[in-house]
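To keep things clear, I will list the structure first and then write my remarks on it.
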Amino acid sequence: MISLQVHTHKTADFVTESEINAFQPEITKQFEALKKKTGKGNDFLGWLNLPSAISQDEIQKIENLAKKISDIAEILVVIGIGGSYLGSKAVIDAMSNHFSPLQSKTERRAPLVVFAGQNICADYHADLFEMLAKKEYAVAVISKSGTTTEPALAFRLLKQDLEKRYGKKGASQRIVAVTDSSKGALRELANTEGYETFSIPDDVGGRFSVLTAVGLLPIAVAGFDIGKLIEGARNMQIFSASKPSIDENPVARYAAVRNALYQKGKVIEILAAYHPRLQYVGEWWKQLYGESEGKGGKGIFPASVNLTSDLHSMGQMIQDGMRNIFETVITVQKTKKQIIVPKDEANLDKLNFLAGKSFTEINQMAQKGTLIAHVEGNVPNILIEIPEISELTIGEMIYFFEKACAVSGYILDVNPFDQPGVEAYKTNMYALLGKAGFESLAEEIYRKL
């Protein structure tokens, strides 16, 4: 069984149940295309059965290496970009103490996981090296090719630093490569230097890779239960595969409703959560849907907000701006901890009416009040409800969003598993930086600048 639920009653003023159910033949068709691997990009469907296919030996290998890293390092630097870091950061942030960077390793009971190579900012990487200067650290470099500019540059710097500190042999004991199984620059280097390695499955794209070693290794190093994460994903895999009914299957319902809203001109979807630790779930979700659907002039634009904080920045736009948006709200039934509002005799802030109430209750009422206001402001709301934030529920949610994304992409008649548009900036950047073979393009670009 699964605990995640999808509620769409707050879209009823915008799309009728009959309009939603009209998608049932298409939903059934695309579920079948995924199952039989007959749709576009079907050579990248390894994620579909991954939760039930991953072996206990692989899980044990990841956990063993996580323990080894924990024994020798205070910090693990994960080098990667896009799907090579967003999934693991989303899960780690969701499960961590909000102030875990300020905690000691003993308090965390695990190394601190930080990230590099997801940008080319000099200040960011200089600050990283200043922080690492007096720390024991290890590196997990994640790249199928080993030649993607941002992570390759970061790895070059960190590899040299580790070799300077510990020598080549010592550095090799602190570097893990998650890469292609047989080819590419990083695989070649790992084989030469003797790094511990994990393979990225050939049939799993980056943004669908969080349940491979790409995501599982950093999550395990951070001290979280990857077995439970996989179990949650497996539960959703089995449940969602049983029957593609819009009435009974949360994946089917979400895919149908968001596409019905899209047909009504709701071209922007805002993922909202009322828990700060879910911020990077929104960032991961944005890549998943943006890179999968945004092709051929099609696709729902994915955005995210953190509430209630963003009600004081984006709230005005959501309430009164262009009416081309809908919200998908992650709602959590219970928190891990409780804070009760105390009574204040002076009551200068006029908040004694909240005395005795918990922050959780107040947050939930803020969510309900916002829901009513936004729906009355012509913003449909889909609710994704989970009982709590845990490895099990986050695993369910990861697989839920992945499968719904694939189905939605097929409904749009695009290939959800490629990203041809990502290459345009790289080509221009290489030309401007003087890479051999790009000279004529560089001249053309400089004329445009």
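When a residue number appears, it is its place in the shown sequence, counting from 1. The shown structure was predicted, so the numbers you read here are calculated from the model rather than taken from an experiment.
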Between the side chains of [X] and [Y], is a donor N or O closer than 3.5 angstrom to an acceptor N or O?
| X | Y | value |
| --- | --- | --- |
| Arg187 | Ser145 | no |
| Glu396 | Ser3 | yes |
| Thr360 | Gln364 | no |
| Gln30 | Glu26 | yes |

Can you check side chain to side chain contact (heavy atoms under 4.5 Å, CB included) on Val267 and Tyr262, steps first, answer last?
CA-CA 5 Å; Val267 296; Tyr262 180 55; 3.9 Å; yes
Within residues 94-103 or reaching into it, pairs that qualify as side chain to side chain donor-acceptor pair (under 3.5 Å) - sequence neighbours excluded:
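For residues 94-103, and leaving out neighbouring residues, there are no side chain to side chain donor-acceptor pair (under 3.5 Å) pairs at all.
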Ignoring hydrogens and angles, tell me if any N or O in the side chain of [X] forms a donor-acceptor pair with the backbone of [Y] under 3.5 Å.
| X | Y | result |
| --- | --- | --- |
| Ser245 | Asp247 | yes |
| Gln24 | Ile246 | yes |
| Lys40 | Asp413 | yes |
| His125 | Gly117 | yes |
| Glu19 | Ala260 | no |
| Ser292 | Pro416 | yes |
| Tyr399 | Leu48 | yes |

[X] atom [atom1], neighbour heavy-atom count above 12 within 6.0 Å:
| X | atom1 | value |
| --- | --- | --- |
| Lys29 | NZ | no |
| Phe99 | CZ | no |
| Tyr124 | OH | yes |
| Met317 | CE | no |
| Lys35 | NZ | no |

Just jot down the salt bridge (charged side-chain N to carboxylate O under 4.0 Å, His left out) partners of Lys36, sequence neighbours excluded, or say none.
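Listed in chain order: Glu32.
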Holding to salt bridge (charged side-chain N to carboxylate O under 4.0 Å, His left out), I want the full list of residues that pass it with Lys61, two or more places apart in sequence or in another chain.
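For Lys61, no residue satisfies salt bridge (charged side-chain N to carboxylate O under 4.0 Å, His left out) once neighbours in sequence are set aside.
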Distance in Å, Leu65 CG paired with Gln60 CD, rounded so as to fall on 0.5 Å steps
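Going from the CG atom of Leu65 to the CD atom of Gln60 covers 12.0 Å.
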Between Glu231 and Arg234, does any side-chain N to carboxylate O distance fall below 4.0 Å?
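No, no charged N to carboxylate O under 4.0 Å.
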Taking NZ, NE, NH1 and NH2 as the nitrogens, is one of them in Lys334 or Glu361 under 4.0 Å from a carboxylate oxygen of the other?
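Result for this pair is no, no salt bridge flagged.
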List the residues meeting side chain to side chain donor-acceptor pair (under 3.5 Å) with [X], not counting sequence neighbours, and say none if there are none.
| X | value |
| --- | --- |
| Ser18 | Thr16 |
| Lys10 | none |
| Asn259 | Ser408 |
| Thr328 | Glu269 |

Residues which pass ring pair (Phe, Tyr, Trp, His ring centres under 6.0 Å) with Phe115, listed by chain and number, not counting sequence neighbours
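In terms of ring pair (Phe, Tyr, Trp, His ring centres under 6.0 Å), with neighbours along the sequence ignored, Phe115 is linked to Tyr85.
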Partners meeting ring pair (Phe, Tyr, Trp, His ring centres under 6.0 Å) with Tyr254 (sequence neighbours left out)
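Expected list: Phe400, Phe401.
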Filter on salt bridge (charged side-chain N to carboxylate O under 4.0 Å, His left out), then keep only pairs touching residues 290-299, sequence neighbours left out; what's left?
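Applying salt bridge (charged side-chain N to carboxylate O under 4.0 Å, His left out) to every pair that reaches into residues 290-299, excluding sequence neighbours, yields Arg207-Glu291, Arg258-Glu293, Lys295-Asp418.
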Which pairs count as salt bridge (charged side-chain N to carboxylate O under 4.0 Å, His left out) when at least one residue sits in residues 314-329, sequence neighbours excluded?
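Matches after skipping sequence neighbours: none remain.
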Which pairs pass ring-ring contact (aromatic ring centres under 6.0 Å, His included) with one or both residues in residues 286-307, sequence neighbours excluded?
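For residues 286-307: Trp285-Tyr289.
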Could you go through the side chain to side chain contact (heavy atoms under 4.5 Å, CB included) check for Glu391 and Ile394 one step at a time?
CA-CA 5 Å; Glu391 291 97 334; Ile394 294 296; 6.0 Å; no
Taking C-beta and beyond as the side chain, do [X] and [Y] meet within less than 4.5 Å on heavy atoms?
| X | Y | result |
| --- | --- | --- |
| Pro218 | Ile92 | yes |
| Ile81 | Asn119 | no |
| Met131 | Ile75 | yes |

Please walk me through it: do Asn363 and His275 pass side chain to side chain contact (heavy atoms under 4.5 Å, CB included)?
CA-CA 9 Å; Asn363 200 28; His275 297 269; 4.2 Å; yes
Tell me whether the centres of the aromatic rings in Phe326 and Phe14 are closer together than 6.0 Å.
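Aromatic pair excluded; centres sit 6.0 Å or further apart.
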Give the C-alpha distance, both sets of side-chain angles, the deciding distance and a yes or no for side-chain hydrogen bond (donor to acceptor under 3.5 Å, both in side chains) between Glu388 and Thr393.
CA-CA 7 Å; Glu388 62 186 0; Thr393 60; 6.0 Å; no
Specify the closest pair of heavy atoms between Pro380 and Thr11, including all atoms of both residues, with the distance to one decimal.
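In terms of heavy atoms, the two residues are closest at CB-CG2, 4.1 Å.
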